[in-house]
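Have a look at the structure below, then the notes.
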Amino acid sequence: MATQKLNVKYAVLLPIVLIVTLLICCLPVSTFGIEGLTVVQQRVIALFVFAALMWMFEIIPNWTTSLLVIVISLLTVSNKGISFFCDPKYGQLVDYKSLMASFADPVVMLFMGGFVLAIMAEKYGLDVTMARYLLKPFGTKPKMVLLGFLVVIAVFSMFMSNTATAAMMLAFLAPVLAVLPSDDRGRIGLSLAIPVAANLGGIGTPIGTPPNATAVRFLTEAGYEVTFMEWMVRMVPYVLIMIFLAWLLLQFFFPFKSEKVVLEIPENNKDKGWKSKVVWITFIGTILLWATESLTGINSNVVALIPLGVLTCTGIFTKEDIKEINWSVLWLVAGGFALGTCLQGTGLAKVLIGAIPFGDMPVLLVFLIAGLVCYFLSNFISNSATAALLIPILIVIAEGMADPAAANNASFLALGGTYAMITFIAVCASIAMLFPISTPPNAIAASTGLVETKDMAKIGIIIGLIGFVLGFFWLTKLFPFA
């Protein structure tokens, strides 16, 4: 059966993907009907489709597709690619260094720091101890354990990096998965709880996720001040509703076979010497620094390197431990960043956004199309990059519609005005979670080996649809900013 499935992938799906990719790449530029589209940008569209189809069908491992994205980008759209192919006359080229830098992106370093903490937590029993105390209040019923993971991850994600939270919680998940039967689909639901709760939880505070911070920054610059508490009062209830709905969805699609999960997590009987104490101090210190980024000013990506520095210089993290780092996940994430670099470096993202005539559209349509574009892009490039690209443009559009002289001023204000539009865009960026490359927490869930892309996409699109509709009505009608 496995061989037959493999043959279908290579004999049927792979040729289809390659034919579609080459067709998109070779069509006349005018075929796309996008004004200002260049040949280089057309290649990026082809690469975009290639990556999406390869990730969707998993013809080859996802991290391999990511690596291919980087290699093909370097050869076809970079300033150091194939000479006759990468001629500036074909369009704006991407700096090859920025593509290679995807392997050492700050978020990749954040991942690495999280993996180091997870490896050390397992080695010295921190994961066992924390799992005991954090999950104990949720009892032994599988569905309550699932709720426990969703709630704990969501709360953590409100105050610290979503990626850091997901990487940290991966260490807590192992003991829970270990007590469930291998054929229990509930294990998939528990694995998916990591990205779902991390992505949704970050919506709750201005510092929970970069799109929120971007939204607050541009709103403030435009003269609309949003306080930390004001944001929380409006958005935390939204997060709680979404977490509850996600809990119901995960139970429905991935029901537990076991009627009871007895978390027989023993006391930590591993090394409790000075090394264990250093690991505990480093672990807690790193989490505190992540949680207090706004106070210390130390970027969470920088904080992630502290465990590496402390634990390597003390001899606690050894060369043998380095082998335990999930390098395939790091490469998977790097490919997503490279794709985002291509979209922005060639100017394709701006061309696509500019091709949509916002100024001539009804206000409702502007809201919906802007939200859909943000959601779509955020599934393939980092949500922070999407927000950084869209929000500066949309704040100008919003201010234009907020002008009392504007013909659509009344209908715009009736939908919550600039506050609602920009906050809605931030929400759309956070609810995008279709693929392993959509967000770092998604990639972390994929690293468990329990989650197939089709399962992630199924939950992701339902959560995205519900979050989109609820977010729109929540911010424009039910609980708008005054």
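Partners of Lys141 according to the salt bridge (Lys or Arg N to Asp or Glu O under 4.0 Å) rule, which considers only residues two or more places apart in sequence or in another chain, do not exist here. Taking the salt bridge (Lys or Arg N to Asp or Glu O under 4.0 Å) definition, one finds that Lys477 meets it with nothing, sequence neighbours left out. Qualifying side chain to side chain donor-acceptor pair (under 3.5 Å) partners for Thr65, counting only residues two or more places apart in sequence or in other chains: none. Among residues two or more places apart in sequence or in another chain, the ring-ring contact (aromatic ring centres under 6.0 Å, His included) test is passed with Phe254 by none. Listed by chain and residue number, nothing satisfies the ring-ring contact (aromatic ring centres under 6.0 Å, His included) test with Phe337 (two or more places apart in sequence, or in another chain). Scanning for side chain to side chain donor-acceptor pair (under 3.5 Å) contacts around Thr318 gives Asp321, with sequence neighbours left out. By the ring-ring contact (aromatic ring centres under 6.0 Å, His included) test, Phe473 is found to be paired with no residue, residues two or more places apart in sequence or in another chain being considered. Applying the ring-ring contact (aromatic ring centres under 6.0 Å, His included) rule to Phe50 yields no partners; only residues at least two apart in sequence or on another chain are considered. In this view, Glu259 satisfies the salt bridge (Lys or Arg N to Asp or Glu O under 4.0 Å) rule with no residue, not counting sequence neighbours. Taking the salt bridge (Lys or Arg N to Asp or Glu O under 4.0 Å) definition, one finds that Lys319 meets it with nothing, sequence neighbours left out.
By the 4.5 Å heavy-atom criterion applied to side chains, Met235 and Leu475 are counted as neighbours. Put simply, the side chain of Phe256 reaches to within 4.5 Å of the side chain of Leu190, judged on heavy atoms. No side-chain heavy atom of Ile194 sits less than 4.5 Å from a side-chain heavy atom of Phe149. With contacts defined as side-chain heavy-atom distances shorter than 4.5 Å, the pair Phe103/Leu67 qualifies. Considering only heavy atoms from C-beta on, Thr214 stays 4.5 Å or farther from Ile422 through its side chain. Looking only at side-chain heavy atoms (C-beta outward), Phe32 and Gln42 come within less than 4.5 Å of each other. With a 4.5 Å cut-off on side-chain heavy atoms, Ser73 and Val94 do not count as touching. The side-chain heavy atoms of Ser182 and Arg187, taken from C-beta on, include a pair separated by under 4.5 Å.
Under the 3.5 Å distance criterion, the side-chain polar atoms of Thr64 are left unmatched by any main-chain donor or acceptor of Ile60. Listed for the Asn379 side chain is a donor-acceptor partner under 3.5 Å among the backbone atoms of Leu434. Checking side-chain atoms of Arg43 against main-chain N and O of Thr76 turns up a donor-acceptor pair under 3.5 Å. Looking only at distances, no side-chain donor or acceptor of Ser430 sits under 3.5 Å from a matching main-chain atom of Ile203. Side chain of Tyr238 to backbone of Val427: no donor-acceptor contact under 3.5 angstrom is found. Side-chain atoms of Thr423 never come within 3.5 Å of backbone atoms of Ala420 as a donor-acceptor pair (strictly under, hydrogens ignored).
Here the CE-OG distance, from Met54 to Ser66, works out to 10.5 Å after rounding to the nearest 0.5 Å. Of the inter-residue distances, the one linking Thr209 atom OG1 with Met158 atom CE reads 12.5 Å to the nearest 0.5 angstrom.
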Take Phe48 and Phe376 through the test ring pair (Phe, Tyr, Trp, His ring centres under 6.0 Å) and record every step on the way to the result. CA-CA 12 Å; Phe48 191 97; Phe376 180 74; 5.8 Å; yes
Could you walk me through whether Thr386 and Tyr375 pass side chain to side chain contact (heavy atoms under 4.5 Å, CB included), step by step? CA-CA 9 Å; Thr386 302; Tyr375 174 78; over 6 Å; no
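For residues 420-450, the ring-ring contact (aromatic ring centres under 6.0 Å, His included) pairs, not counting sequence neighbours, are Phe380-Phe435, Phe424-Phe468, Phe424-Phe472.
Dense packing is recorded around CG of Leu75, with more than 12 heavy atoms of other residues, nucleotides or ligands lying under 6.0 Å away.
Between the side chains of Asn199 and Asn442, a donor-acceptor pair is found at a separation under 3.5 Å. Between the side chains of Asp184 and Ser258, at least one donor N or O sits under 3.5 Å from an acceptor N or O.
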Identify every side-chain donor-acceptor pair in residues 240-248 under 3.5 Å, counting partners at least two apart or on other chains, and give the distances.
from	atom 1	to	atom 2	distance (Å)
Trp247	NE1	Lys143	O	2.7

